[in-house]
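Heads up, the thing below is written out as structure tokens.
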Amino acid sequence: MITTDFVPGSPCWLDLGAPDVEAATAFYRAVFGWQAEPHGGQDAGGYTLFRLDGKAVGAVGPLTEAGARSAWTLYFHTSDADASVQAVERAGGSVRVPPAGVGAEDGRFAQLTDPQGAEFAVWEPARYPGVEAADGPGTLVWTELYTTDPAAAQTFYKSVFGWSTQDMPLPGGGGTYTLLAPAGCSEERMHGGLMGVPADLLGPGGKPYWHPVFGCQDCDATVGLATGNGGTLSMGPETAEGVGRLAVCTDPSGAEFVVLTPERAV
């Protein structure tokens, strides 16, 4: 479960880097019913908050890194961005953007990369804790890492965030899926999973990556909204026992996300 009661290492924010912010905004508004609000009085096309029923659920902004492709970035809570960066470097990761402040008092962030190449970020909150709604339709309900070396990834993230892990077999002998939870938290606070994927199945460059899972009331209907507004379907919809009905989608600019109707809501 992802909550807004953030603890060290828990998902707390996400944003999308897009080549056309206004086009991306239109797509996600159509799919999830999000409202869009330029952050801090910026002009249209700048960093834009997504809201659902008035509560912040994420954001979109222009791509800022040379050669970057459109993708969602997941942010994990930290009480000290500098210390988290140091932990990343000690564990063999790299820093793409060093700790920097946002606004006058919002908080501090850093953009990071794990040793296998998956990109993520940390957020040290001040005035702005993070998402204001989670674990429901139209909000972040899970995070997932596809990686070429799951054992090394576990070692890295345990070192940086202290996450606890729990392995479970995938159906049909499809390998192992590792559940992730913040340090010292119960199974109820599991916030994501990681799994090994061969490089040739990881898309351009075979680069590992994180993607968000968004809740929805009706997976098939949400997929229809995504494909009807220029997105594509990569997998599903299919029903996973004990999980729910899910599908992997790609937005018109190539950013991947998953939609899930949890089993309890079916």
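In this structure the side chain of D251 reaches within 4.5 angstrom of the side chain of L16, judged on heavy atoms. Contact of the P125 side chain with the H77 side chain is registered, since non-hydrogen atoms from C-beta on lie closer than 4.5 Å. With a 4.5 Å cut-off on side-chain heavy atoms, V243 and E263 do not count as touching.
Between Y128 and H39, the ring-plane angle classifies as perpendicular under the 30° and 60° cut-offs. Classification of the W72-Y28 ring pair by plane angle, with boundaries at 30° and 60°, yields perpendicular. W163 and Y157 have parallel rings, their planes meeting at less than 30° on a 0 to 90° scale where 60° marks the start of perpendicular. Between Y75 and F109, the ring planes are tilted. Angles from 30° to 60° get that label.
To the nearest 0.5 Å, atoms SG (C216) and CG (D218) are separated by 7.0 Å. In this structure, the separation between CG on D114 and CG on L145 is 6.5 Å, given to the nearest 0.5 Å. If you take OG on S10 and CZ on F161, they are separated by 9.5 Å, rounding to the nearest 0.5 Å. Atoms OG1 and CG, on T147 and D149 in that order, are 6.0 Å from each other to the nearest 0.5 Å. Atoms CD and OG, on E89 and S94 in that order, are 8.5 Å from each other to the nearest 0.5 Å. The distance from the CG atom of L180 to the OG1 atom of T165 is 7.5 Å, given to the nearest 0.5 Å.
Among all heavy-atom pairs drawn from V131 and G58, the shortest one is CG1-N, 4.4 Å. Nearest heavy-atom pair, S164 versus P182, reported as atom, atom and distance to 0.1 Å: OG-O, 4.1 Å. Contact between P99 and R108 at its shortest, heavy atoms only, is CB-NH2, 3.3 Å. The two residues F27 and A226 have their closest heavy-atom pair at CE1-O, 3.4 Å. Listed here is the closest heavy atom pair of A121 and T73: CB-CG2, 3.9 Å. The two residues Q35 and G33 have their closest heavy-atom pair at NE2-O, 3.3 Å.
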For this session: Go through V259 and V223 one step at a time and tell me if the side-chain contact (heavy atoms from CB on, under 4.5 Å) criterion holds.
Result: CA-CA 8 Å; V259 293; V223 167; 4.0 Å; yes
Problem set entry | Candidate pair K207 and E119, rule salt bridge (charged side-chain N to carboxylate O under 4.0 Å, His left out), full reasoning | CA-CA 10 Å; K207 183 178 177 181; E119 298 179 355; 2.9 Å; yes
For this session: Apply side-chain contact (heavy atoms from CB on, under 4.5 Å) to L112 and V85, showing your working.
Result: CA-CA 8 Å; L112 309 161; V85 164; 3.9 Å; yes
For this session: Applying side-chain contact (heavy atoms from CB on, under 4.5 Å), run through V248 and E256 and close with a yes or a no.
Result: CA-CA 7 Å; V248 181; E256 184 176 285; 3.6 Å; yes
For this session: Let me see the working for R51 and E37 under side-chain contact (heavy atoms from CB on, under 4.5 Å), right down to the final yes or no.
Result: CA-CA 8 Å; R51 295 188 181 275; E37 174 188 303; 3.1 Å; yes
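Under a 3.5 Å cut-off, the side chain of E124 and the backbone N or O of A81 do form a donor-acceptor pair. Under a 3.5 Å cut-off, the side chain of T139 and the backbone N or O of D135 do form a donor-acceptor pair. Put simply, the side chain of T143 gets close to the backbone of H191: a donor and an acceptor are under 3.5 Å apart. In this structure, the side chain of S70 engages the main chain of G17 through a donor-acceptor pair within 3.5 Å. With hydrogens and angles disregarded, a donor-acceptor distance shorter than 3.5 Å links the side chain of E132 to the backbone of A56. Panel note: side chain T261, backbone C219; a donor-acceptor pair is recorded below 3.5 Å. Checking side-chain atoms of Q116 against main-chain N and O of T148 turns up no donor-acceptor pair under 3.5 Å.
Residue V141 is not grouped with residue L225 when hydrophobic side chains (ILVMFWY) are merged at heavy-atom distances under 4.5 angstrom, including chains of intermediate members. In terms of hydrophobic clustering, with Ile, Leu, Val, Met, Phe, Trp and Tyr side chains grouped at heavy-atom distances under 4.5 Å, V213 and V60 are assigned to different clusters. With hydrophobic clusters built from ILVMFWY side chains whose heavy atoms lie under 4.5 angstrom apart, L140 does not share a cluster with V7. Put simply, L170 and L246 are part of the same group of oily side chains (I, L, V, M, F, W, Y) that touch within less than 4.5 Å, one to the next. Under the 4.5 Å side-chain heavy-atom criterion for ILVMFWY residues, a single connected hydrophobic cluster contains both W210 and F6.
Environment of NZ in K55: sparse, with no more than 12 heavy atoms of neighbouring residues, nucleotides or ligands closer than 6.0 Å.
Under 3.5 Å, the side chains of T113 and R96 contain a donor-acceptor pair of N or O atoms. Checking Q154 against T178 by side-chain atom types alone, a donor-acceptor pair falls below 3.5 Å. With no hydrogens or angles considered, no side-chain donor-acceptor pair links T25 and T48 at under 3.5 Å. With 3.5 Å as the limit, one finds no donor-acceptor pair spanning the side chains of Y177 and D167.
The distance between the ring centers of F214 and W34 falls below 6.0 angstrom. Taking the centre of each ring, W142 and F257 stay at or above the 6.0 Å mark.
For the pair R29 and F50, the cation-pi test (distance below 6.0 Å, angle within 45°) is failed.
Of the residues E187, R189, E188, the one that meets the side-chain contact (heavy atoms from CB on, under 4.5 Å) test with C185 is R189.
Remark: R245 does not engage E238 in a salt bridge, criterion side-chain N to carboxylate O under 4.0 Å.
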